[in-house]
Number of protein chains: 2
Amino acid sequence: MNIGTVSVKSGLPAKTIRYYEDIGLIRPDRRDNGYRDYSMEDVHRLRFLQRSRSLGFSVEECRQLLSLYGDGERESAEVKAIATTKLGEIERKIAELQGLRDMLQHLVATCHGDHRPECPIIDGLSGRAHAH
Amino acid sequence: MNIGTVSVKSGLPAKTIRYYEDIGLIRPDRRDNGYRDYSMEDVHRLRFLQRSRSLGFSVEECRQLLSLYGDGERESAEVKAIATTKLGEIERKIAELQGLRDMLQHLVATCHGDHRPECPIIDGLSGRAHAH
DNA sequence: AGTCCGCCTTCCAGCAGGTGGAAGGTCAAG
DNA sequence: CTTGACCTTCCACCTGCTGGAAGGCGGACT
């Protein structure tokens with residue numbers, strides 16, 4: 001199977017698929033003409049990568065998950081530990097962004113937004129005023 | 001004022017302060033010995049940068065905000081427009097992360113996390129099952 | 001047989017936003 | 001006079017790709 005087909009099937013750009021090969025996440029065969037030749041197994045691995053990346057796992061985490069994915073002997077506890085850690089990170093990230101949002105919302109709400117130079121947003125960013 | 005002092009006062013690493021100079025966000029004086037010499041105005045600008053970066057503005061957005069910050073004639077409407085756009089982006093980001101969280105929460109909740117090889121997380125990532 | 005287009009290959013460069021480290025100059029204290 | 005903390009520049013590296021150039025290959029149409 002050529003890279004273009006695999007790209008469609010996996011939902012990943014061809015460039016990204018080659019990049020994943022560069023960093024050792026997949027190892028497709030080569031044909032006589034030099035073209036990469038992918039198996040269905042490769043497609044599964046790439047879909048797996050696409051999903052886990054879009055769920056916020058780093059490439060290194062994906063590498064771990066992928067080795068567990070391919071290991072029939074793996075213990076689900078290992079996988080759960082990785083996922084749980086990532087869940088905590090995502091929750092922290094959400095809380096952080098909510099803090100930013102509240103701060104910005106406050107600044108935007110108190111700004112007249114007209115042609116006068118007074119601006120609580122600038123003041124807030126400069127630390128001249130406290131957006132409590 | 002030396003860069004080390006400014007680093008403490010602004011909450012930014014010295015490396016980052018030099019980098020901000022490289023990309024033209026600040027322009028400190030130089031002393032005879034080659035050391036950078038910062039004014040209180042520089043410190044204010046750097047604190048401003050630190051705050052706006054940590055509020056999720058990109059460096060380019062910070063550059064805009066900084067030019068408005070230094071411009072007594074600016075109209076608050078300009079600033080409000082930038083902040084409002086950024087607010088929308090932050091809200092989209094939060095929603096996206098909440099989606100990830102829900103998905104991962106579901107996967108983690110349905111995984112026994114023991115030493116058996118069955119693992120709904122791996123299944124979910126591989127697309128073999130739907131964590132709806 | 002020639003030509004076209006689209007696919008494939010490699011390689012090199014660059015994006016954001018810094019961070020790390022080497023190699024060396026400077027300054028104040030002991 | 002040496003030590004140690006600070007400062008300087010420069011160059012490389014990080015993540016996770018993405019873009020583009022230059023060239024080979026494959027099948028269709030004429």
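The chains referred to below are lettered A, B, ... by the order of the sequence lines, with proteins before strands, and numbering in each begins at 1. Predicted model only: the values in this text are computed from it and were never measured.
Between A/L12 and A/I17, the shortest heavy-atom distance links the atoms O-CD1, 3.7 Å. Annotation for B/V108 and A/A83: closest pair CG2-CB, 3.7 Å, computed over non-hydrogen atoms. In terms of heavy atoms, A/R51 sits closest to A/S54 at O-OG, 3.0 Å. Across all non-hydrogen atoms, the minimal contact from A/K80 to B/G113 is CD-CA, 3.7 Å. Residues A/L65 and A/S52 share a closest heavy-atom pair of CD1-CB, 4.4 Å. When all heavy atoms are compared, the tightest approach of B/T110 to B/P120 is O-CG, 3.0 Å.
Listed by chain and number, the residues in a side-chain hydrogen bond (donor to acceptor under 3.5 Å, both in side chains) with B/R47 amount to none (sequence neighbours excluded). With sequence neighbours left out, the ring pair (Phe, Tyr, Trp, His ring centres under 6.0 Å) criterion links B/F48 to B/Y69. Under the ring pair (Phe, Tyr, Trp, His ring centres under 6.0 Å) criterion, B/Y35 pairs with no residue at all, not counting sequence neighbours. B/S67 is linked by a side-chain hydrogen bond (donor to acceptor under 3.5 Å, both in side chains) to nothing, counting only residues two or more places apart in sequence or in another chain. B/R27 pairs by the side chain to side chain contact (heavy atoms under 4.5 Å, CB included) definition with nothing, not counting sequence neighbours.
When DNA chain D is scanned in the 5' to 3' direction for atoms under 4.0 Å from non-hydrogen atoms of chain A, the outermost contacting nucleotides are D/dG16 to D/dG26.
In this structure, the CG atom of B/D22 is 14 Å from the P atom of C/dC15, given to the nearest Å. Distance B/R53 CZ to C/dT19 P: 10 Å, rounded to the nearest Å. Summarising the geometry, the separation between OH on B/Y20 and C1' on C/dT19 is reported as 13 Å, rounded to the nearest angstrom.
In summary, A/E21 and A/R18 do not engage in a salt bridge, as defined by a charged side-chain N under 4.0 Å from a carboxylate O.
Looking only at distances, no side-chain donor or acceptor of B/D37 sits under 3.5 Å from a matching main-chain atom of B/R30. A/T85 places a side-chain N or O within donor-acceptor distance of the main-chain N or O of A/A81, the cut-off being under 3.5 Å.
An end-to-end axis angle of 30° holds for the helix from C/dA1-D/dT30 to C/dG30-D/dC1, taken from five base pairs per end and rounded to 10°.
Within the nucleic acid shown, B/R30 comes within 4.0 Å of sugar-phosphate atoms alone, with no base atom in reach, counting heavy atoms only.
For the contact set between residues 3-19 of chain A and DNA chain D, defined by any heavy atom under 4.0 Å, the members are A/P13, A/K15, A/T16, A/Y19. For the segment residues 82-94 of chain B, the set of residues with a heavy atom within less than 4.0 Å of an atom of DNA chain C is empty. Near DNA chain C, meaning a heavy atom under 4.0 Å away, there are no residues from residues 39-50 of chain B.
Side-chain contact between B/C111 and A/V79 is absent, with no heavy atoms from C-beta onward closer than 4.5 Å.
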Sugar-phosphate or base contact per nucleotide [nucleotides 24-30 of chain C; S, B, -; heavy atom under 4.0 Å]: -BBS---

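Every pair passing salt bridge (charged side-chain N to carboxylate O under 4.0 Å, His left out) that includes a residue from residues 89-107 of chain A is listed here, sequence neighbours excluded: A/K86-A/E89.
Other residues, nucleotides and ligands place more than 12 heavy atoms under 6.0 Å from the NE2 atom of B/H112.
A/T16 contributes atom OG1, which lies 10.0 Å from atom CG of A/L46 (distance to the nearest 0.5 angstrom).
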